[in-house]
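Encoded as structure tokens, the structure appears first; notes follow it.
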Amino acid sequence: MAKWLAKSEPDECGIDDFAQSPDSVIPWDGVRNYQARNFLAQMAVDDEVFLYHSSCKHIGIAGIVKVVRDAYPDPAQFNANSPYHDPKSTPEKPRWQAVDFAFVKKLPRLIPLDELKSLPGLEQLPLVRKGNRLSVMPVSEEEWQTILQQV
DNA sequence: GCCAACGTTGGC
DNA sequence: GCCAACGTTGGC
């Protein structure tokens with residue numbers, strides 16, 4: 001079972017949106033970066049995902065969600081009214097993928113980015129590397145445990 | 001709001 | 001295939 005990290009803006013979809021409806025399934029769509037998409041496509045049911053809050057007041061890892069549906073074509077890419085519409089994508093040859101997430105838990109405290117940056121063992125995690133913009137990334141078992149121990 | 005770093009696009 | 005221009009991300 002693999003581990004991942006996904007960025008989100010809490011204004012859009014943060015851990016509280018999951019916590020408010022713990023039994024519901026939230027589609028993770030709108031990923032429009034090839035590298036991130038390739039990671040999305042590798043996700044499988046029961047994989048766990050750190051939910052990271054970006055572009056907000058309290059930046060850092062806020063909680064854990066899990067994959068409840070393997071990757072499928074992101075419907076937003078075909079919707080001309082969606083901001084995620086991609087005119088170059090067709091149902092026959094979809095370009096973008098989505099997965100479904102469900103709530104696991106909110107961490108008892110948010111682990112801030114500057115703390116993650118100073119943690120030994122996370123040097124390889126793209127999140128803490130300068131200028132990195134990858135929004136979906138794999139997390140090794142060691143990295144996962146290192147982060148959990150900070151809770 | 002600023003701006004550095006990055007990814008993508010498109011002309012050549 | 002190169003690379004300048006552009007748009008976006010995301011921390012500060």
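Computed from a predicted model, the values in this text were never measured in an experiment. Below, chain A is the first sequence line, B the second, and so on; all start at residue 1. Computed over heavy atoms, backbone and side chain alike; hydrogens, waters and symmetry mates excluded.
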| query | When you match A:Lys88 and A:Asn132 each to their closest nucleotide on DNA chain B, which lands nearer the 5' end? | reply | A:Asn132
| query | Going from CG on A:Leu113 to NZ on A:Lys117, what distance comes out if it is rounded to the nearest 0.5 angstrom? | reply | 4.5 Å
| Stretch residues 112-123 of chain A: residues that reach within less than 4.0 Å of DNA chain C through a heavy atom | A:Leu113, A:Lys117
| Does a side chain donor of either A:Gln145 or A:Glu141 reach within less than 3.5 Å of an acceptor in the other side chain? | yes
| Pairs in or reaching into residues 101-151 of chain A: which pass ring pair (Phe, Tyr, Trp, His ring centres under 6.0 Å), with residues at least two apart or in two chains? | A:Trp28-A:Phe101, A:Phe50-A:Trp144
| remark: With sequence neighbours left out, the residues meeting salt bridge (Lys or Arg N to Asp or Glu O under 4.0 Å) with A:Glu48 are none
| Of A:Leu148, A:Leu122, A:Leu127, the residue whose pairing with A:Glu143 passes side-chain contact (heavy atoms from CB on, under 4.5 Å) | A:Leu122
| query | Does the pair A:Glu115 and A:Arg109 meet the rule for a salt bridge (charged side-chain N to carboxylate O under 4.0 Å, His left out), with working shown? | reply | CA-CA 12 Å; A:Glu115 208 171 306; A:Arg109 73 179 186 98; 2.5 Å; yes
Cut-off 3.5 Å, no hydrogens considered: what does the side-chain donor-acceptor table look like for residues 58-77 of chain A, sequence neighbours left out?
from, atom 1, to, atom 2, distance (Å)
A:Asp70, OD1, A:Val45, N, 2.9
A:Tyr72, OH, A:Asp100, OD1, 2.6
A:Asp74, OD1, A:Ala76, N, 2.9
A:Asp74, OD2, A:Gly30, N, 2.8
A:Asp74, OD2, A:Arg32, NH1, 3.0
A:Asp74, OD2, A:Arg32, NH2, 3.1
A:Gln77, OE1, A:Ser89, OG, 2.6
A:Gln77, OE1, A:Arg95, N, 3.0
A:Gln77, OE1, A:Trp96, N, 2.9
A:Gln77, NE2, A:Asp74, O, 2.8
A:Gln77, NE2, A:Trp96, O, 2.9

| Between residues 52-59 of chain A and DNA chain C, which residues have a heavy-atom gap below 4.0 Å? | A:Tyr52, A:Ser54, A:Ser55, A:Ile59
| Nucleotide interval of DNA chain C bounded by contacts with chain A (heavy-atom cut-off, under 4.0 Å) | C:dG7 to C:dC12
| query | Can A:His85 and A:Phe78 be said to form a side-chain contact (heavy atoms from CB on, under 4.5 Å), step by step? | reply | CA-CA 6 Å; A:His85 179 234; A:Phe78 309 124; 5.7 Å; no
| query | Between atom CG of A:Asp29 and atom OG of A:Ser82, what is the distance when rounded to the nearest 0.5 Å? | reply | 7.0 Å
| Quick check: are there more than 12 heavy atoms from other residues, nucleotides or ligands sitting under 6.0 Å from NZ of A:Lys106? | no
